[in-house]
Amino acid sequence: MEKFLKVTVSDQDYLINVNHVLTVEQGTGTGAVDILYDIVGHSATGASEVIGVTLTASTADDTAKKKEQIGSIVEAIEDALATSWNNPIYTLSPKYPVTSVAQVEKAWA
């Protein structure tokens, strides 16, 4: 059974499959953390592949805060995977509130 992190931003819920997380790392931009997958999907245009998701917390605005944010997301992934399979969705409550969610895409040429 697959396990998911639920992230809510502006009353919109997003699910992140934690069974396919390859790594969690600093993203580009203020407060950005990338969760990269070990699988790819396609974008609506077909011009690129979705390789992960970027969670941005506008208050995680320096290197130390980004490290704390990454640590809290990694812990949430661990907790999600450790919960009973009867509870496939785990609500993410990171150190700093997520203010936006975006796909990480890579164009293959």
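- Nearest approach of Ala80 to Leu5, heavy atoms of both residues: CB-CD2, 4.0 Å.
- Between Pro97 and Ala57, the shortest heavy-atom contact is O-CB, 3.2 Å.
- Within the hydrophobic cluster formed by Ile, Leu, Val, Met, Phe, Trp and Tyr side chains joined at under 4.5 Å, directly or through other members, Phe4 is accompanied by Leu15, Ile89.
- Atom NZ of Lys95 sits about 14.0 Å away from atom CD1 of Ile70, to the nearest 0.5 Å.
- Following chains of ILVMFWY side-chain contacts shorter than 4.5 Å, one cannot reach Leu22 starting from Leu92, and the two form parts of different hydrophobic clusters.
- When the side-chain hydrogen bond (donor to acceptor under 3.5 Å, both in side chains) test is applied to Asp79, the partners found at least two apart in sequence or on another chain are Tyr90.
- At a threshold of 4.5 Å between non-hydrogen side-chain atoms, the residues Gln26 and Gln69 do not count as touching.
- Taking CD of Glu49 as the start and CD of Gln103 as the end, the distance is 11.0 Å to the nearest 0.5 Å.
- Across all their heavy atoms, Pro94 and Ile73 have their closest contact at CB-CG1, 4.3 Å.
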From CA spacing to verdict: side-chain contact (heavy atoms from CB on, under 4.5 Å), Tyr37, Ile16: CA-CA 10 Å; Tyr37 306 138; Ile16 300 169; 4.1 Å; yes
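- Between the side chain of Asn19 and the backbone N or O of Lys3 there is at least one donor-acceptor pair closer than 3.5 Å.
- Taking Asp61 as the reference, Lys65 meet the salt bridge (Lys or Arg N to Asp or Glu O under 4.0 Å) condition, with sequence neighbours excluded.
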